[in-house]
Amino acid sequence: MKVFLIMILFAAHAQAAQYYVRTDGSNTNGGTANTSGGAWLTVAYAITQAQPGDVVTVQAGTYNETLATTRAGTLGNPITFETNGTVYVHRWTLNHAYQTIRGFTIRHAMSTSDLDAYVRFGDGGDNCIVENNRFGPGAAIQLTDLSFNDTNPDTITSATGGFLDAGFRNSGVVRAFNSVTSTDIAAGNRTSWTVDTVTNTTITLAAGQNVVAESGKTAFLYGIRNGVTFSTISDNNIVRNNRFEDTASRWMLVQGTGNLVENNVFVNMDGFDGVLYGGTNTTIRRNVIRDGMTYRYRNPSPDMLGIISPNTTTTNILIEENMLLNMIGAAGFDHGDPTPGPFAWRRNVFWNIAYGYQLRSDGVEFDRNTFYNVAQAGSVLAEAADHVILFFDGTGNPPTATITSNLFIGCGNGMGSTKGWYIDSEPALTLNANYNFVAGAAPTYGIKTGFSETNGINGGNPLFVDESDPLGPDGLPFTADDGLRLAVGSPAIGAGPSGADLGAYDYVAVAPPSNQGTINAPITNAGTVTAQ
């Protein structure tokens, strides 16, 4: 029986084919040769032809295509779409299982639907891999002289212009936000229209798209709301080693079961929320979220990592070894009603973040994280709190939380002596906090008033390697040259339970090899979370 199964698998593998797509190809070709006379012309056509195990290699060029899968691969025989050179497309929707999308530049995505994204995992999109792609730039522009013209066909115009360079295109979509005085934009704070044609100064809307005549308006125009979305029943997908930059969208909406987001780089939130998560057994690991101190979008407090919304199953969430660096928004926020958890934040690094975490769910665990200059702008919810972690508004069963072995250095609004660690404003909460190290800002690292733990450390220099450069010269997270590693003599060494170190890093007298933990580190499967 085993031999028979092996023969079947071998036969399936032997039938796998290599296909090619080129900008000078033709869909009447066979697709099997990388020549103008052999390759296909469009990626969309290749999708209709590829079978389980096949590989489609798309040659460098611009393919103005919005793509959706048409059949599933199988276990061990995914359908793979890869690139040779820089390949531009607009969107992917994965409605079928066992797909691999690798190496594309996905930009200028547009849709009227809040479910759509640069890449969307649909209800059938299970066991897919999206890796080594670049997301962005988004179709987006901020203007202060917009006119909405009820002219049949209706138009949106600007003397300043720039619509074409911003990525808007014929037969696309334009969305608008950011004008409290505009009738066209204020409804629901978000409006979208289908586009007919675009010039540098005029967007002509398709038939049936209506605007109210008004001029001199300020708004942020953009094309789509999400970078990546997961259906609530999309399972066991991996999004890894991608770069998201200037997408003019929320980066990610994670749902489903067993999904893994790992080793991605996210740059410039542009005022949108970052990675919002839900689902079951979700793992968010080894990502870098960085450099978002300015924004065009109207939101003054985008959330980098947060629970999605009410009525979403959210349990067994693991967030570990991520770096959040130099951001104007909040480290995280529970957008929805309290959820059962557990939620574990382990060995993450937070550096120069305007706001901290605001939480109201059960089974929350913060273990061995490093917070440096976090909550500088205080708390979004309670200005008097000014702490890194704030619990609030829990309902239902009394929630529990554990906060152990973390470093809170230079944190709190104004970095005052009574601010900058955690606070419980939820009377029903059972909070277990111990072995944390709290100190004021450099260079004095002063004692904090009101901080009290049996085994905590209050005040003193934590002795980082170089607190001004968390990523270190190599620019990679969790490598030997990271600036927030503990230096020799640090009081955080061995100060945790059973002699463990405090903060995100284990102290080593000899630094580990610099290739450990790079953004292209080996990928491990997502697992469940056990709150301590």
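- For the salt bridge (Lys or Arg N to Asp or Glu O under 4.0 Å) test, no residue two or more places apart in sequence or in another chain qualifies with Arg290.
- One finds the OG1 atom of Thr282 at 6.0 Å from the CG atom of Asn259 (value rounded to the nearest 0.5 Å).
- In this structure, Asn226 contributes its side chain and Arg250 its backbone to no donor-acceptor pair below 3.5 Å.
- Side chains of Glu321 and Asn348: a donor-acceptor N/O pair is absent below 3.5 angstrom, by distance only.
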List, one per line, each side-chain donor-acceptor pair under 3.5 Å for residues 493-505, sequence neighbours excluded.
from: Asp501; atom 1: OD1; to: Gly494; atom 2: N; distance (Å): 2.7
from: Asp501; atom 1: OD2; to: Tyr507; atom 2: N; distance (Å): 2.7
from: Tyr505; atom 1: OH; to: Asp482; atom 2: OD2; distance (Å): 2.7

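- Ser468 pairs by the side chain to side chain donor-acceptor pair (under 3.5 Å) definition with Asp466, not counting sequence neighbours.
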Kindly list each side-chain donor-acceptor pair under 3.5 angstrom involving residues 120-128, sequence neighbours excluded, with atom names and distances?
from: Arg120; atom 1: NH1; to: Asp116; atom 2: OD1; distance (Å): 3.0
from: Asp123; atom 1: OD1; to: Ser231; atom 2: OG; distance (Å): 2.4
from: Asp126; atom 1: OD1; to: Asp235; atom 2: N; distance (Å): 2.8

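- Looking at Thr247 and Ser249, their side chains do bring a donor and an acceptor atom within 3.5 Å of each other.
- A distance of 6.0 Å or more separates the ring centres of Phe104 and Tyr118.
- We find the CE-CG distance between Met323 and Asn287 to be 12.0 Å, quoted to the nearest 0.5 Å.
- With a 4.5 Å cut-off on side-chain heavy atoms, Asp469 and Pro473 count as touching.
- Taking the side chain as every heavy atom from C-beta outward, Tyr372 and Val349 never approach each other to under 4.5 Å.
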Audit row: Ile409, Val438, side-chain contact (heavy atoms from CB on, under 4.5 Å) steps and yes/no: CA-CA 6 Å; Ile409 309 301; Val438 172; over 6 Å; no
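- Side-chain contact between Arg91 and Leu67 is absent, with no heavy atoms from C-beta onward closer than 4.5 Å.
- Taking the centre of each ring, Tyr222 and Phe272 come in below the 6.0 Å mark.
- None of Phe437, Phe408, Tyr422 except one satisfies the ring pair (Phe, Tyr, Trp, His ring centres under 6.0 Å) rule with Phe371; the exception is Phe408.
- Of the charged side-chain nitrogens involved, none lies within less than 4.0 Å of a carboxylate oxygen, so that Arg286 and Glu262 do not count as a salt-bridged pair.
- Side chains of Pro477 and Leu471 form a contact here, defined as non-hydrogen atoms less than 4.5 Å apart.
- With rounding to the nearest 0.5 Å, the separation of CD1 in Ile79 from OG1 in Thr100 is 9.5 Å.
- Applying the salt bridge (charged side-chain N to carboxylate O under 4.0 Å, His left out) rule to pairs touching residues 431-440 yields nothing, sequence neighbours excluded.
- Phe266 places none of its side-chain heavy atoms less than 4.5 Å from the side chain of Phe135.
- If you check the side chains of Asn263 and Arg240, you find no donor sitting under 3.5 Å from an acceptor.
- With respect to Arg175 and Asp114, a salt bridge is recorded, a charged nitrogen being found less than 4.0 Å from a carboxylate O.
- Side chains of Asn316 and Thr280: a donor-acceptor N/O pair is absent below 3.5 angstrom, by distance only.
- With 3.5 Å as the limit, one finds no donor-acceptor pair spanning the side chains of Asn352 and Asn373.
- Under the ring pair (Phe, Tyr, Trp, His ring centres under 6.0 Å) test applied with Phe366, the options Tyr435, Phe343, Trp345 reduce to a single match, Trp345.
- If you take CG on Asn322 and CD1 on Ile284, they are separated by 7.0 Å, rounding to the nearest 0.5 Å.
- Salt bridge present: Arg368 and Asp506 bring a charged side-chain N and a carboxylate O closer than 4.0 Å.
- Checked against the 6.0 Å centroid criterion, the rings of Tyr355 and Phe333 do not qualify as a close aromatic pair.
- The line from CD of Glu82 to CG of Asn133 is 11.5 Å long, rounded to the nearest 0.5 Å.
- With a 4.5 Å cut-off on side-chain heavy atoms, Leu407 and Phe464 count as touching.
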Pair Trp421-Val388, side-chain contact (heavy atoms from CB on, under 4.5 Å): steps then yes or no: CA-CA 5 Å; Trp421 56 99; Val388 176; 5.9 Å; no
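- Arg134 pairs by the salt bridge (Lys or Arg N to Asp or Glu O under 4.0 Å) definition with Glu245, not counting sequence neighbours.
- In summary, Glu131 and Arg102 engage in a salt bridge, as defined by a charged side-chain N under 4.0 Å from a carboxylate O.
- For the atom pair CG of Asn264 and CZ of Phe244, the computed distance is 5.5 Å after rounding to the nearest 0.5 Å.
- Side chains of Thr479 and Asp474: a donor-acceptor N/O pair is present below 3.5 angstrom, by distance only.
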